[in-house]
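What follows is a set of notes on a single structure, which appears directly below.
No experiment lies behind these values; they were computed from the predicted model shown.
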Amino acid sequence: MSTHKINRILIANRGEIALRIARTCRELDIETVAIYSTPDRTTPHVLYCDQAYEIGPAPSTESYLRQEAIIDLARRTGSDAIHPGYGFLAENADFAAACAKHGILFIGPPPAAIRSMGDKTAARRMMQEAGVPVVPGTIDPVSSAEEAAAFASQVGYPILLKAAAGGGGKGMRIVREEAALEKSLAAAASEARSAFGDGRVFLEKLIEKPRHIEFQILADQHGNVVHLFERECSIQRRHQKVIEEAPSPVMTKDLRDRMGRAAVEAARSCGYVNAGTVEFLVDQELDFYFMEMNTRLQVEHPVTEWITGLDLVAEQMRVAEGRPLPFTQRDHQIRGHAIESRIYAEDPANDFLPDSGFLRRHRPPDGPFVRVDAGVEEGGEVEIHYDPMISKLTTWGRTREEAISRMDRALGGYHIAGVHTTIPFCRFVMQNDAYRKGDLSTHFIEQEFDASSLPSLDEHEFAAGSIAAATSIELNTNHRPASTPPADAPGTGWWTRREYR
C-alpha cells in the first residue's frame with residue numbers, strides 16, 4: 001500500500017480543537033489552512049495557522065458545514081488533506097466520500113465505517129454479529145407506541161428511548177412507566193427529527209446507575225488495530241460529558257482485557273481506520289455493554305495522551321498517510337492518572353444553561369503537569385452560535401489522588417470574568433467524597449450535586465477584568481495580517497505566512 005506525505009492540511013473546524021490540530025501540524029512541519037466564520041476572524045486558531053479564509057457568516061450551516069465550499073477551498077489552496085476535528089463534519093460520511101472523490105485525504109475513517117457506526121440500530125446489529133455485548137433492546141427502530149409497549153412489557157421498565165441516527169443526548173428519553181410511553185416516544189422522535197433529520201427511535205433496557213466507560217482505538221490501513229486503554233466519562237449533564245479521567249477507578253486487569261478486546265473487535269467488524277472511540281455502559285456488577293462508536297477524535301483525548309505519551313493527532317496523520325502503526329498492543333502501558341475538566345460558559349447553578357458573552361478576563365492556570373487547551377482568549381467572545389466550551393483543563397499525577405489534588409489547585413487558579421462557567425462545579429466534584437472514592441455513575445449530578453452550595457459569580461470580577469478586556473479587544477482588533485493575498489488566492493479572506501509564532 002502506497003503512502004502519501006501530507007504537506008498542507010485544511011482544518012475544517014474552529015476553537016480549541018482547530019488550534020490543537022494546528023500545533024501538531026507545526027511540530028510535523030505541515031502547513032495549515034484555517035477556515036473561519038465572520039465573527040471568528042480574530043480567534044486563536046485563525047491567527048495561529050499559516051493561511052486563513054473566511055467561509056461564511058456565523059450560522060454553522062452557512063460556514064463550517066458548507067461541504068462544497070470547504071472542499072473547493074482545499075483544492076484551491078493545494079491542501080493534501082482535511083482534518084475535521086470533532087463536531088461539524090467530523091462524522092459526515094458524505095463529506096468523507098467527497099474528499100476522496102476530489103483526491104483529498106480525509107483524516108478519519110472510511111465513509112462506510114462512518115455510515116455503519118452512525119446508524120445506532122445498524123451498529124447494534126453489527127456488534128451482536130461480532131459477539132460484542134449489547135444492552136437488551138430493539139434491533140430495528142420502533143414504528144408505533146404499541147410496538148414500544150410490547151418491548152417494555154417483555155424486558156420491564158424503566159426503558160430508554162434513543163435516536164437511531166445521532167447521539168449527544170438528542171432524542172433520548174427515560175420512561176419509567178407505561179403511562180408516559182406514548183408521549184415520550186413522540187417527543188423523542190420529534191427531537192431526533194429536528195437534530196438529525198431522522199425521527200427513527202429504538203429502545204433499550206435502562207441500565208440503572210451505569211458507568212460510561214470508553215476505549216480509545218487506533219487502526220491503520222494494514223489491518224493493525226490497538227486500544228489505548230479506557231476513559232471514565234460518567235460525570236455528565238444532559239447526557240454530555242463534563243469531567244473525564246483515565247484510567248477508570250473501577251477497572252480491573254481482567255475487565256480491561258475483556259473490554260479492550262471487545263473494542264478492537266468492534267473496530268475490526270466495520271473496517272475501521274484511524275482514531276475512534278468505542279463507548280460502553282458498565283453496570284454495578286461490572287458487566288459491560290456496547291453503547292456506540294464515535295468515528296472521530298474525542299474532546300477528551302488529552303487524558304489518553306497524558307497516560308500513554310502519544311500525540312493522537314500525529315498518529316491520525318500518520319495513519320492517513322498510509323503508514324502502519326509503529327507499535328503493537330504490548331508496547332503500551334498506563335503511566336499515572338489524568339483528569340480533564342471541561343470549562344464551559346454555562347451556569348451550573350441554573351441547570352447548566354449556556355452563558356455567552358465576552359471574556360473580560362481569562363487567566364488560565366499553569367504549573368507542573370497542567371495543560372490548558374483554550375479556544376477563546378481574554379477579550380474574545382463565547383459565541384451563541386457554537387458550543388459554549390472555553391477550554392479543556394487537564395492534569396496528570398502519578399496517582400489518582402495526586403491528579404485530583406493538582407486539578408483542584410489548577411481550578412482554584414483559573415480566573416474568568418464576563419460569563420458564568422463550570423469551574424465552581426468542577427471544584428465541587430474534585431472535593432466530593434463519592435468522586436474521590438471513585439463511586440461514580442451517570443447519575444452523579446442528580447445524586448450528589450447541590451447547586452445552592454456554589455458561590456455566585458463575583459461582580460467584582462467584572463469590574464477588575466474590564467480594563468484588561470478592553471485592552472485585549474483592542475489588540476485583537478488591530479492584530480490583523482497586513483499582507484495582501486495573491487491574485488489567485490481562493491475565496492475571500494487573507495493569506496499570509498505569519499512571523500509571530
Side-chain angles (χ1 to χ4, degrees), residues 16 20 211-214 216 228-237 241-252 256 298-310 333-344 346 348-349 352 361-374 389-417 420-445 447-455 457-458 461:
E16 60 85 16
R20 187 262 173 277
R211 288 176 178 265
H212 182 150
I213 296 178
E214 62 189 24
Q216 175 71 57
L228 299 174
F229 312 112
E230 79 279 357
R231 297 185 288 253
E232 173 88 48
C233 306
S234 297
I235 299 183
Q236 307 175 2
R237 85 280 186 259
K241 305 160 191 172
V242 188
I243 292 174
E244 304 98 340
E245 60 182 295
S248 167
V250 78
M251 194 61 61
T252 64
R256 179 176 291 121
Q298 290 278 76
V299 175
E300 58 272 20
H301 74 273
V303 294
T304 296
E305 294 182 325
W306 273 119
I307 67 166
T308 61
L310 291 175
Q333 60 182 1
I334 296 172
R335 302 184 303 175
H337 202 97
I339 298 174
E340 174 176 285
S341 292
R342 300 192 190 188
I343 311 303
Y344 285 107
E346 294 178 346
F352 293 88
R361 178 184 296 173
H362 183 228
R363 305 290 169 82
D366 56 16
F369 307 109
V370 174
R371 169 177 166 178
V372 179
D373 291 46
M389 182 185 290
I390 297 170
S391 68
K392 301 180 307 194
L393 172 62
T394 54
T395 58
W396 180 90
R398 291 165 294 183
T399 64
R400 184 171 186 263
E401 292 72 21
E402 187 175 70
I404 290 173
S405 296
R406 188 163 282 146
M407 175 60 74
D408 192 34
R409 176 193 63 77
L411 288 165
Y414 205 141
H415 299 291
I416 293 178
H420 290 84
T421 76
T422 50
I423 290 174
F425 168 76
C426 294
R427 291 209 75 184
F428 165 85
V429 174
M430 294 304 116
Q431 297 167 14
N432 176 267
D433 288 340
Y435 178 79
R436 285 180 170 268
K437 292 175 184 176
D439 183 12
L440 308 177
S441 81
T442 56
H443 303 303
F444 178 90
I445 288 180
Q447 293 175 348
E448 296 287 335
F449 179 49
D450 178 11
S452 65
S453 67
L454 294 184
L457 187 65
D458 187 351
E461 288 277 297

Discussion item. Determine whether Leu440 and Glu245 satisfy the following criterion, side chain to side chain contact (heavy atoms under 4.5 Å, CB included), listing intermediate values before the conclusion.
Written reply: CA-CA 12 Å; Leu440 308 177; Glu245 60 182 295; 3.9 Å; yes
Practice prompt. Give, for atom CD of Gln236 and atom OG of Ser441, the distance between the pair rounded to the nearest 0.5 Å.
Written response: 9.5 Å
Discussion item. Just verifying a value: how many Å separate Asp439 CG and Phe444 CZ, rounded to the nearest 0.5 Å?
Written reply: 9.0 Å
Worksheet item: Which heavy-atom pair separates Ile307 from Gly336 by the least distance, and what is that distance?
Response: CG2-O, 3.9 Å
Discussion item. If you define the side chain from C-beta out and look only at heavy atoms, does anything of Thr304 sit under 4.5 Å from Leu310?
Written reply: no
Item to complete: Provide the closest heavy-atom pair for Pro368 versus Arg409 in the form atom of the first, atom of the second, distance.
Response: O-NH2, 4.4 Å
Discussion item. In the structure I gave you, are the side-chain heavy atoms of Lys241 and Val299 within less than 4.5 Å of one another anywhere?
Written reply: no
Practice prompt. Kindly indicate, with the supporting measurements, whether the criterion side chain to side chain contact (heavy atoms under 4.5 Å, CB included) is fulfilled by Val429 and Val242.
Written response: CA-CA 10 Å; Val429 174; Val242 188; over 6 Å; no
Worksheet item: Are any of the side-chain nitrogens in Arg231 or Glu340 under 4.0 Å away from the carboxylate oxygens of its partner?
Response: no
Worksheet item: Of all heavy-atom pairs between Arg211 and Ser234, which one has the smallest distance, and what is that distance?
Response: CA-OG, 3.3 Å
Worksheet, complete the sentence: Residues at least two apart in sequence or cross-chain that pass ring pair (Phe, Tyr, Trp, His ring centres under 6.0 Å) with Phe229, listed by chain then number, are His227
Worksheet entry | By side-chain contact (heavy atoms from CB on, under 4.5 Å) - contacts of Ser391 (at least two apart) | Ile343, Val372, Ala374, Tyr414
Fill in: Nearest heavy-atom neighbours spanning Val370 and Pro365
CG1-O, 4.3 Å
Fill in: Non-neighbouring partners of Arg406 that pass side-chain hydrogen bond (donor to acceptor under 3.5 Å, both in side chains), sequence neighbours left out
none
Discussion item. Counting neighbours of CD on Gln333 that are heavy atoms of other residues, nucleotides or ligands and sit closer than 6.0 Å, is the number greater than 12?
Written reply: no
Worksheet entry | Working for side chain to side chain donor-acceptor pair (under 3.5 Å), residues Glu402 and His337 | CA-CA 8 Å; Glu402 187 175 70; His337 202 97; over 6 Å; no
Worksheet entry | pair Leu454-His420: side-chain heavy atoms closer than 4.5 Å | no
Item to complete: Before accepting this row, confirm whether a basic side-chain N of the pair Glu305/Arg20 lies closer than 4.0 Å to the acidic partner's carboxylate O.
Response: yes
Item to complete: To the nearest 0.5 Å, tell me how far Trp396 CH2 sits from Arg335 CZ.
Response: 8.0 Å
Worksheet item: Honestly, is Arg237 close enough over Phe449, meaning NZ or CZ under 6.0 Å from the six-membered ring centre and within 45° of the axis?
Response: no
Worksheet item: With a 4.5 Å limit on heavy-atom distance, are the side chains of Lys392 and His301 in contact?
Response: yes
Fill in: Pair Arg342, Thr422: side-chain N/O donor-acceptor within cut-off below 3.5 Å
no
Practice prompt. Mind checking the CD-CG spacing from Gln431 to Asp408? Nearest 0.5 Å is all I need.
Written response: 4.5 Å
Worksheet item: Shortest non-hydrogen contact from Ala403 to Gly397?
Response: CB-N, 3.8 Å
Worksheet item: Rounded to the nearest 0.5 Å, how far apart are OG1 of Thr421 and OH of Tyr344?
Response: 12.5 Å
Discussion item. If the threshold is 4.0 Å, N to carboxylate O, is there a salt bridge linking Glu232 and Arg400?
Written reply: no
Worksheet item: Between Gln216 and Thr308, does a side chain to side chain contact (heavy atoms under 4.5 Å, CB included) hold up when you go through it step by step?
Response: CA-CA 11 Å; Gln216 175 71 57; Thr308 61; over 6 Å; no
Worksheet item: With a 4.5 Å limit on heavy-atom distance, are the side chains of Glu244 and Gln298 in contact?
Response: no
Worksheet, complete the sentence: Rounding to 0.5 Å, atoms CD1 (Ile243) and CE (Met407) come to a distance of 7.5 Å
Discussion item. Under 6.0 Å between ring centres: does that hold for Phe425 and Phe352?
Written reply: yes
